[in-house]
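Below is one structure, written out as structure tokens, with a few remarks after it.
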Amino acid sequence: MSNIISTLQNAVAQAVGQIYSEATDPAKVQINTTPPDFTGDYSVVVFPFVKIAKKAPDAAAAEIGDYLQKNVPEVKSFNVVKGFLNLEISDVYWQNFLQSVVTNPGFGRQPRNGRKVMVEYSSPNTNKPLHLGHIRNILLGWSCAQILEAVGCEVVKTQIVNDRGVAICKSMLSWEKWGDGKTPESAGIKPDHFVGDWYVLFEQKSKEAYEAWQQSDEAKRIFETNKKANQAEKEFFREFKNKWFNEHSALGAEVREMLLKWEAHEPATMALWNKMNNWVYEGFEQTYKDLGVSFDRLYHESDTYLLGKDIVEEGLAKGVFFKKDDGSVWVDLTDAGYDQKVVLRADGTSVYITQDLGTAQMRHKELGCERYVYVVADEQNYHFQVLFEILRRLGEPYAKGLHHLSYGLVELPTGRMKTREGTVVDADDLVAEVIRLAAEQASERGEIEGVSPQEKQENLRKVGMGALKFFIVKVHPKRKMIFNPEESVDLQGQTGPYIQYSYVRINGLMQRVEKENVDVSKAGAYTGIQTQEKELLVALHDFPNVIQKAAEEYDPSLIANFCYDLAKKYHRFWHDLSIFNADTAEAKAFRLQLSRSVGQVLKSGMELLGIEMPNRM
RNA sequence: GGUCCCGUAGCUCAACGGAUAGAGCAACUGCCUUCUAAGCAGUAGGUUACAGGUUCGAGCCCUGUCGGGAUCACCA
């Protein structure tokens with residue numbers, strides 16, 4: 001069944017061609033939904049045609065409207081207000097449309113189109129558990145993957161684990177020195193948190209050592225000789241911290257030693273590294289499971305950190321890179337508005353971007369995707385611009401399919417999350433908290449009959465997670481978002497549970513239809529569609545377009561807003577009109593079918609956001 | 001300082017260049033004898049940071065200004 005929008009676009013273009021003898025691109029014809037205060041379902045913007053028509057907007061609108069009414073069977077009537085042509089679509093069209101939705105559970109989704117896309121949406125470090133920032137990253141990425149699948153792409157969901165380097169060595173060293181052989185099991189702590197605790201302890205010990213060192217004569221001497229004019233001691237030492245760690249700290253020396261042993265594959269170090277990383281993976285797995293996400297392919301930095309050196313050779317041969325006297329290799333991107341950038345150190349070791357170049361190439365060989373989407377916070381915008389620019393210059397065949405899905409940082413009402421100040425919101429804590437609050441509010445509301453304890457718990461989990469996920473995913477990715485923990489667990493208003501509740505209402509109706517064996521075949525005979533019903537139909541009709549747009553823009557918030565809007569309209573419909581007790585059998589059947597469609601679309605839309613629907617609440 | 005992003009109701013967020021800028025939260029007021037009130041309806045709240053420009057029409061596009069953030073490492 002064809003889309004009414006494109007039908008109207010074509011017809012308007014045809015009308016303009018016939019009446020004014022001027023060709024118009026149908027795709028450029030603007031069709032909007034008519035605002036509630038006016039009569040009509042869709043409105044044609046006729047201003048672009050007034051020049052062609054050489055008439056006043058109202059006159060042109062009337063002529064086009066007249067043509068549409070005569071030539072397009074779906075157009076029942078029209079009216080003209082201030083140059084806007086409002087069209088009313090026939091009930092027959094809406095009846096057919098409703099029927100087509102009811103009989104098509106996959107409404108809104110496209111068949112497979114043969115396009116393969118990779119979405120990398122998690123890249124955690126293995127020294128600490130996941131936090132709120134990771135949650136936004138993960139939810140955005142997961143949702144985009146679902147949306148891309150819905151428009152027909154084959155999606156490969158990947159994770160790249162930063163499992164090596166200084167950070168994990170700190171945790172390792174800390175556990176080795178002070179861990180006393182404890183394990184997550186013996187300590188009764190979730191394994192990734194266990195590892196994170198040793199990292200925190202390391203930082204603490206290091207901080208204490210640094211403060212003690214600052215009292216030494218050596219420190220005073222360094223301060224006096226190196227301080228900037230008028231620089232306070234406190235500020236100087238804050239800036240000096242990294243240098244101190246690298247050049248003066250005993251712990252720092254030990255960490256570097258451990259890193260070297262790791263690079264040399266020293267067996268004991270490798271064993272320790274494996275042990276601790278496996279603890280972390282075990283913990284991550286639980287968190288991912290709680291968040292309801294999964295990956296098709298895992299990459300480890302320990303496997304990829306040496307990649308990219310061939311590319312450097314290749315780039316040198318192609319003249320994209322150049323070598324400096326000291327032997328370091330650079331790329332000059334100043335003509336593209338960027339800087340010069342090192343791609344290989346003088347000693348031949350890689351830098352961050354070298355590794356990313358290598359990984360991109362390796363992954364393309366392996367996966368052969370058309371597009372590669374990296375879901376990474378916007379602090380790395382520059383890095384990805386540079387990375388993509390280099391790959392373009394190298395003539396990599398997939399270069400034009402690279403996309404950085406950049407999202408704004410998550411802040412608390414009190415400002416940025418800071419590890420040092422302990423304001424980081426832990427992912428597991430947050431998940432537990434939203435479910436606890438859902439349970440609390442449910443119990444205030446009283447028991448629901450006929451629900452088993454397991455089912456009840458399952459529904460509470462869905463409601464709690466629905467609140468959390470919707471709160472995060474409803475915000476446009478690009479915007480930095482303020483995360484207010486209290487608001488995130490709200491269950492009323494513009495929230496996940498509000499949408500779930502409309503679904504639960506529908507679910508209740510459908511169960512009754514089943515039980516009472518209601519005959520809905522008379523739905524098609526219903527006449528006189530009400531505005532509350534029409535609103536729903538128009539909204540439903542837009543679902544495929546919204547998915548399409550969300551896919552094009554990598555923007556799940558469009559789906560979230562769509563679902564909220566549809567749920568809101570359904571609640572109004574529910575309140576204003578009787579469904580089971582409708583005046584006629586036709587109205588009852590129609591409203592039940594309409595409800596079924598709404599439920600189906602809401603479920604399908606929320607699924608694209610990674611949000612599940614409870615049966616009861 | 002260069003580059004990029006963001007400034008919309010007290011707060012959190014919407015609005016393919018289209019009609020009178022919309023929701024939720026918070027505040028106040030109504031609506032459960034009737035399909036689940038996690039709902040519905042109403043009141044109040046705005047010079048869309050500011051100044052210009054482009055056009056039939058600008059929150060959206062262009063220029064400038066002011067605020068906020070990110071980034072400009074041989075760190076990752």
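Within every chain, numbering begins at 1; the chains are lettered A, B, ... in the order of the sequence lines, protein sequences first and strands thereafter. Because the structure is a prediction, the values reported are computed rather than measured.
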Extract from the structure each pairing of a protein N or O with an N or O of nucleotides 6-10 of chain B at less than 3.5 Å, listing the distance.
unit_1: B:rC6; atom_1: OP1; unit_2: A:K478; atom_2: NZ; d: 2.9

Does the protein touch [range] at the base, only the backbone, or not at all? Give it as B, S and - per nucleotide, heavy atoms under 4.0 Å.
range	answer
nucleotides 54-63 of chain B	--B-------
nucleotides 27-35 of chain B	-------SB
nucleotides 71-76 of chain B	SS-BSB

### Task
Locate the shortest heavy-atom distance separating A:S350 from A:L307; write the atom from each residue and the value.
OG-O, 4.4 Å
### Message
Looking at every heavy atom in both A:S595 and A:Y570, which two are closest together, and how far apart are they?
### Response
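Of all heavy-atom pairs spanning A:S595 and A:Y570, the closest is OG-OH, 2.8 Å.
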Could you tell me whether [X] and [Y] make a salt bridge, using a distance below 4.0 angstrom between a side-chain N and a carboxylate O?
X	Y	result
A:K478	A:D378	no
A:K309	A:E313	no
A:K55	A:E63	yes
A:E552	A:K549	no

Nearest-neighbour nucleotide for the [X] side chain, [options] considered:
X	options	value
A:M481	B:rA38, B:rU12, B:rC13	B:rC13
A:P35	B:rA19, B:rC25, B:rA38	B:rA19
A:F38	B:rC40, B:rC25, B:rA19	B:rA19

### Query
Is any side-chain N or O of A:Y42 closer than 4.0 Å to OP1 or OP2 of B:rG18?
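Indeed not, no polar side-chain atom of A:Y42 lies that close.
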How far, in whole Å, is [M] from [N] if one measures between their [atom1] atoms?
N	M	atom1	result
B:rG18	B:rG67	P	32 Å
B:rG7	B:rA14	C1'	15 Å
B:rA21	B:rA44	P	15 Å
B:rA9	B:rC4	C1'	29 Å
B:rG30	B:rC6	C1'	40 Å
B:rU63	B:rC16	C1'	25 Å
B:rC75	B:rU12	C1'	35 Å
B:rG64	B:rA23	P	36 Å

### Residue pairs involving residues 571-588 of chain A (criterion salt bridge (Lys or Arg N to Asp or Glu O under 4.0 Å); sequence neighbours excluded)
A:E535-A:R572
### Task
Pull up the glycosidic torsion of B:rC66 and say syn or anti, syn being anything within 90° of 0.
anti
May I ask you to say what [X] touches in the nucleic acid, namely base, sugar-phosphate or nothing, with a heavy-atom cut-off under 4.0 Å?
X	answer
A:Y338	nothing
A:V166	nothing
A:V475	sugar-phosphate
A:V504	base
A:S43	base

### Task
State the dot-bracket string of RNA chain B. Criteria: Watson-Crick or G-U wobble, both atom distances under 3.5 angstrom; notation: ( ) intrastrand, [ ] crossing earlier pairs, | interstrand, . unpaired.
(((((((..((((....[...)))).(((((.......))))).....(((((..]....))))))))))))....
### Task
Quick one: sort the A:H571 and A:Y498 rings into parallel, tilted or perpendicular, breaks at 30° and 60°.
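Taking A:Y498 first and then A:H571, their aromatic rings stand perpendicular (interplane angle over 60°).
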For the residue pair [X] and [Y], would you count it as a cation-pi contact if the rule is NZ or CZ under 6.0 angstrom from the ring centre and within 45 degrees of the ring axis?
X	Y	result
A:K341	A:W330	no
A:R164	A:Y305	yes
A:K474	A:F562	no
A:R136	A:Y407	no

In whole angstroms, how far is the [atom2] atom of [N] from the [atom1] atom of [X]?
X	N	atom1	atom2	result
A:L85	B:rG18	CG	P	17 Å
A:D37	B:rG22	CG	C1'	12 Å
A:I482	B:rG69	CD1	C1'	11 Å
A:E535	B:rC40	CD	P	12 Å
A:K568	B:rA23	NZ	P	7 Å
A:K28	B:rG18	NZ	P	16 Å
A:Y564	B:rG22	OH	P	15 Å
A:N86	B:rG18	CG	C1'	12 Å

Backbone N or O of [Y] within a donor-acceptor pair of the [X] side chain at under 3.5 Å?
X	Y	result
A:S488	A:P485	yes
A:T7	A:N3	yes
A:Q355	A:Y352	no
A:D347	A:T349	yes

### Close side-chain approach of A:V161 and A:Y299, heavy atoms under 4.5 Å
no
### Query
Checking ring pair (Phe, Tyr, Trp, His ring centres under 6.0 Å) against A:H403, which of A:F384, A:Y374, A:Y554 comes through?
A:Y554
#### Entry: Under 3.5 Å donor-acceptor pair, A:N484 side-chain atoms to B:rC25 base atoms
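No, the side chain and the base share no sub-3.5 Å donor-acceptor pair.
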### Query
Does the side-chain ring of A:F84 lie flat on the base of B:rG18, meaning centres under 5.5 Å and planes less than 30 degrees apart?
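Per 5.5 Å and 30° rule: no stacking.
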### Task
Under the side chain to side chain donor-acceptor pair (under 3.5 Å) rule, what do A:N127 and A:S171 come out as? Steps first, then yes or no, please.
CA-CA 6 Å; A:N127 64 314; A:S171 289; 5.0 Å; no
### Message
By nearest heavy atom, map A:M617 and A:E411 onto RNA chain B; which one lands nearer the 5' end?
### Response
A:M617
## Note on the structure
When A:Q441 and A:Q494 are each assigned the nearest nucleotide of RNA chain B, the 5'-most assignment goes to A:Q494
